[in-house]
Asks: 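First, the structure itself, so that you have it in front of you.
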Amino acid sequence: MPQDRASSPCAAAVAPRRRVAVLLPLPLKGAYDYAVPEGMAVAPGDYVAAPLGGNHYVGVVWGEAAGDVGEARLKPIVERFDVPPLPEVHRRFVERVAAYTVTPPGAVLRLSLGPVAALAAASPTVAYRLPAAAADADGLRITPSRRRVLDALADGIARPLGDLARAAGVGTGVVHGLVAAGRLETVPVAADRPPPEPDWRRRGPELSPEQTMAAADLRARIVDHRAGTVLLDGVTGSGKTEVYFEAIAATLAAGRQTLVLVPEIALTAQWLDRFARRFGVPPVEWHSEVSSRDRRRNWRAVATGGARVVVGARSALFLPYRDLGLIVVDEEHDGAFKQEDGVIYQARDMAVLRGHLAAIPVVLVSATPSLETVINVETGRYAAVRLPDRHGGATMPEIRVVDLRRDRPERQRWLSPPLVTAIGETLAAGEQTLLFLNRRGYAPLTLCRACGHRLECPSCTAWLVEHRLAGRLQCHHCGYSTALPRNCPACGEEDTLAACGPGVERLAEEAAARFPAARIALVASDTLTGPRAIDALVEQVARHEVDLLIGTQVVAKGHHFPLLTLVGVVDADLGLHGGDLRATERTFQLLHQVSGRAGRADRPGVVLLQTLDPAHPVMRALAAGDRDGFLAAEADGRRRAGMPPFTRLAALILSGPKATDVDRAAQALARVAPADADLTVLGPAPAPLAVLRGRHRRRFLVNAPRNAPLQAILRDWLGRVRLPGSVRCQVDVDPYSFL
Ligand code: ADP
Ligand code: ZN
């Protein structure tokens, strides 16, 4: 052992070992020094395994060692993996994200590492199939689970173990059992076929003059190697996707990689099909639904450069691209780009940073750009390319405001008379309606008519939401679920629990009672999980097997329904309240997006917005189709209130199982809070979600001028207090959630 030699009395005679700094995927202050074993060649960016505290971790060689560890205590690197090194630009990216989000660099690196299995050299694996001649008389009892495995292979295609077990809904033991009995055979398969290359030489659709100009602008940025961020701004249906496909084609032609970031839910089969039609093959995907086998393969393909176009949710930003040439952020305004756990980051903003470090173009795409982006365009930090019209002359829908104070629905009903009439007419015309309500379940609140008790989550400051189809009460914050009780848990009275307010399930009930002949489909994120689940429904709607679509915001995203001519927004005010900085902006974006579902093809659409506040700027702007007027008013309000994007915010959230501990920690932080004159520190205050998953939460909010060194201030502040182990402190720079 080299270490023994080093610590022996004659150590002075031995040349000190070469050492390097290795960043481990752990929340440590920085990289640790390790010795490089004799005969191992390592360079910055190499993936290595290194020991720490009795475990081995996969980390990345970060650079020269700091050299402050004694030779005796220095541990050697255990293994170097045969994968292309993490590029220099990506290492700088990890550091910059860590600095910006005030998190340890190792925690950011962890996002880039992917499955450990991906580091192992590609080895052939086996797949399972039915043998040509099945031995039948072996007396093996064909249980239902064995039957499902055999059925899953009936098409003659060989499948890997995991896929097969999943397809059959059995454990892997069942498959092994069948192999042992001679009912299945194994065949070797190459593990890592590189993903097929998209063909940029294929012709896209004939572009309109405006689209041609926009595409030429983006193409020129790629061809001329021009860095910088550009907003691709155009109404829904104006052809933004077709236009950024041209930028992807140019990037492919230049031999570089493209990343398309989308909110996970917007990654649909429709989008993938369009990509495949344009480029001949599908892109490489990266999101929560990708199987572990594909994750391994895709990660490697990104690292080796074989993955030419990657489309994914926010985490795809941290993949170790070998040579990234373009980033597209589709639906850039979408709040789903904010990661709220672990490393808290805004993927759109970090994409801009990644583009800046690599000196490549970043294209932000939206019909309703965020105020941040709009202001960045106004101040010249970002460029803008605009697409004014819907493609093919399709008109924008007419938006009408329904004043619920005048046009009241009946008691315990939520569809106003004008909306009911409009639905009836649409049905009669053989066209489709979308009813939008951004609330899952049957009712958001259940209370006892006898004693007034409200059913609350035992571990969160939140009401339980009734899901009648599932027969359960659920907490939408922690996932707690329980059967609906017969008796009130407080007063014990029987059958006194009453549902208050509507969710989409209740709306579907009302619609079914009103329009018994209509074919109704209900869509909510709890009935659809993952990006692909919605596709079957989209197909049904496209084939006109549905008359009335009722859904939450999962239906608001870019689906094309040519026969859909009426959109009813059941509660346009929902989301306007609740002390959230972006509440009005978000409501505008969401309602605008929902409205964009109506009348896409040659049929004009109508949108009815049910509201109690028809004079609200959001409703007025929507009705007038005045997006830019709305944005100007919103910007003005934020500027006057001294709020982002004109100032910068950061939140500190302290949490722990014991309220007294959290309060004490909050007081300790409050005593040493930064006192700069141009800084406002609010709190500590109980968070609106004062208890979440059984943890008590207290918040600070810091408001600083745009040019203030916010991260340095936060680091300095946090460095002055030692928090007890039972209290966790999360830093949220540029917070989107104020709960
Ligand atoms: P956006 O991304 O702005 O919502 P899309 O790119 O999805 O718009 O285009 C809307 C619809 O119009 C899509 O069905 C698309 O295929 C079609 N489309 C857009 N531009 C063209 C074009 N130049 N030629 C043919 N079809 C087009
Ligand atoms: Zn809960």
Side-chain angles (χ1 to χ4, degrees), residues 203-216 218 231-249 260 262-263 266-278 311 328-334 363-369 385-397 441 444 454-465 467 472-482 538 542 556-562 564 589 592-602 627 655 687-697 739:
R203 275 174 63 95
E206 205 67 46
L207 297 182
S208 70
E210 292 87 3
Q211 291 174 337
T212 305
M213 282 208 338
L218 298 187
L231 168 66
L232 177 57
D233 176 2
V235 295
T236 317
S238 57
K240 297 186 293 299
T241 313
E242 299 296 346
V243 168
Y244 76 66
F245 277 179
E246 295 307 303
I248 295 177
V260 182
V262 292
L267 181 51
T268 58
Q270 283 191 345
W271 192 95
L272 295 167
D273 287 349
R274 273 177 79 178
F275 185 93
R277 273 202 303 279
R278 177 68 180 80
V311 59
V328 176
V329 184
D330 203 350
E331 312 282 2
E332 69 88 27
H333 61 276
D334 198 302
V363 181
L364 307 181
V365 184
S366 181
T368 52
V385 171
R386 297 203 165 79
L387 286 174
D389 298 314
R390 279 193 160 185
H391 178 73
T395 50
M396 292 302 284
R454 298 165 172 211
L455 297 182
E456 266 189 66
C457 175
S459 36
C460 302
T461 316
W463 295 333
L464 290 173
V465 178
H467 286 250
R472 321 259 321 153
L473 291 165
Q474 285 178 14
C475 172
H476 284 183
H477 296 285
C478 71
Y480 170 86
S481 135
T482 180
V538 169
K557 311 287 169 176
H559 304 288
H560 298 191
F561 301 129
L564 201 152
Q589 286 160 346
H592 186 281
Q593 195 166 29
V594 176
S595 305
R597 299 303 116 224
R600 296 201 37 131
D602 47 349
R627 183 197 83 179
S655 65
L689 257 171
V691 189
L692 175 63
R693 294 187 184 91
R695 295 176 74 88
H696 296 263
R697 303 166 78 240
L739 291 179

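Numbering of ligands and ligand atoms starts at 1, following listing order.
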Asks: For the backbone of Ala690 and the side chain of Arg695, can you confirm whether one donor and one acceptor N or O come within less than 3.5 Å of each other?
Replies: no
Asks: Considering only heavy atoms, does Arg274 approach ligand 1 within less than 4.0 Å through its side chain, its backbone, both, or neither?
Replies: side chain
Asks: Would you give the angle at the Zn ion (ligand 2) between Cys475 atom SG and Cys460 atom SG, to the nearest 10°?
Replies: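 Between SG of Cys475 and SG of Cys460, at the Zn ion (ligand 2), the angle is about 110°.
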Asks: Has His476 got an N, O or S atom lying less than 2.8 Å from the Zn ion (ligand 2)?
Replies: no
Asks: Using a strict cut-off of 4.0 Å, indicate which atoms of ligand 1 neighbour a heavy atom of Leu207.
Replies: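 So the answer, numbered in order with elements, is 23 (N).
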Asks: Give yes if a backbone or side-chain nitrogen or oxygen of Gly239 is under 3.5 Å from a nitrogen or oxygen of ligand 1, and no if not.
Replies: yes
Asks: Going by side chain to side chain contact (heavy atoms under 4.5 Å, CB included), Leu267 matches just one of Val262, Val260, Asp330. Which one?
Replies: Val262
Asks: Rounding to 10°, state the angle centred on the Zn ion (ligand 2) that links SG in Cys478 with SG in Cys457.
Replies: 110°
Asks: Check whether any side-chain heavy atom of His696 lies under 4.5 Å from a side-chain heavy atom of Ser655, and answer yes or no.
Replies: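 The answer is no; the side chains never approach within 4.5 Å.
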Asks: Within His477, is some N, O or S atom less than 2.8 Å away from the Zn ion (ligand 2)?
Replies: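 Not a single backbone or side-chain N, O or S atom of His477 is under 2.8 Å from the Zn ion (ligand 2).
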Asks: Strictly below 4.0 Å, N to O, side chains only: are Glu210 and Arg386 in salt-bridge contact?
Replies: no
Asks: Where the side chain of Glu246 meets the backbone of Ala214, is there a donor-acceptor pair that is under 3.5 Å apart?
Replies: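 No, because the side chain of Glu246 does not come within donor-acceptor range (under 3.5 Å) of the backbone of Ala214.
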Asks: Which of the atoms of ligand 1 are close to Glu206, meaning less than 4.0 Å from one of its heavy atoms?
Replies: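 Here the atoms of ligand 1 in question are 22 (C), 23 (N), 24 (N).
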Asks: Heavy-atom distances under 4.0 Å decide this one: backbone, side chain, both or neither, for Leu387 against ligand 1?
Replies: neither
Asks: For ligand 1, note which part of Ser238 has a heavy atom under 4.0 Å away: side chain, backbone, both or neither.
Replies: both
Asks: I'd like to know if Lys240 and Glu331 make a salt bridge, using a cut-off of under 4.0 Å between side-chain N and carboxylate O.
Replies: no
Asks: Do we see a donor-acceptor contact under 3.5 Å between the side chains of Arg693 and Ser459?
Replies: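 Result is no, nothing qualifies.
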Asks: Salt bridge check, Arg627 against Asp233: does any charged N sit closer than 4.0 Å to a carboxylate O?
Replies: yes
Asks: Give the numbers and elements of all ligand 1 atoms closer than 4.0 Å to a heavy atom of Thr236.
Replies: 4 (O)
Asks: With respect to atom 16 (O) of ligand 1, which of Arg277, Gln211, Glu242 exhibits the smallest heavy-atom separation?
Replies: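 Looking at heavy atoms only, Glu242 sits closest to atom 16 (O) of ligand 1.
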Asks: Are a donor atom and an acceptor atom from the side chains of His333 and Ser366 found within less than 3.5 Å of each other?
Replies: yes
Asks: Show which atoms of ligand 1 fall inside a sub-4.0 Å distance from at least one heavy-atom site of Val235.
Replies: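 Those atoms are 3 (O).
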Asks: With atoms numbered from 1 as shown, which atoms in ligand 1 lie under 4.0 angstrom from a non-hydrogen atom of Pro205?
Replies: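 What qualifies from ligand 1 is 22 (C), 24 (N), 25 (C).
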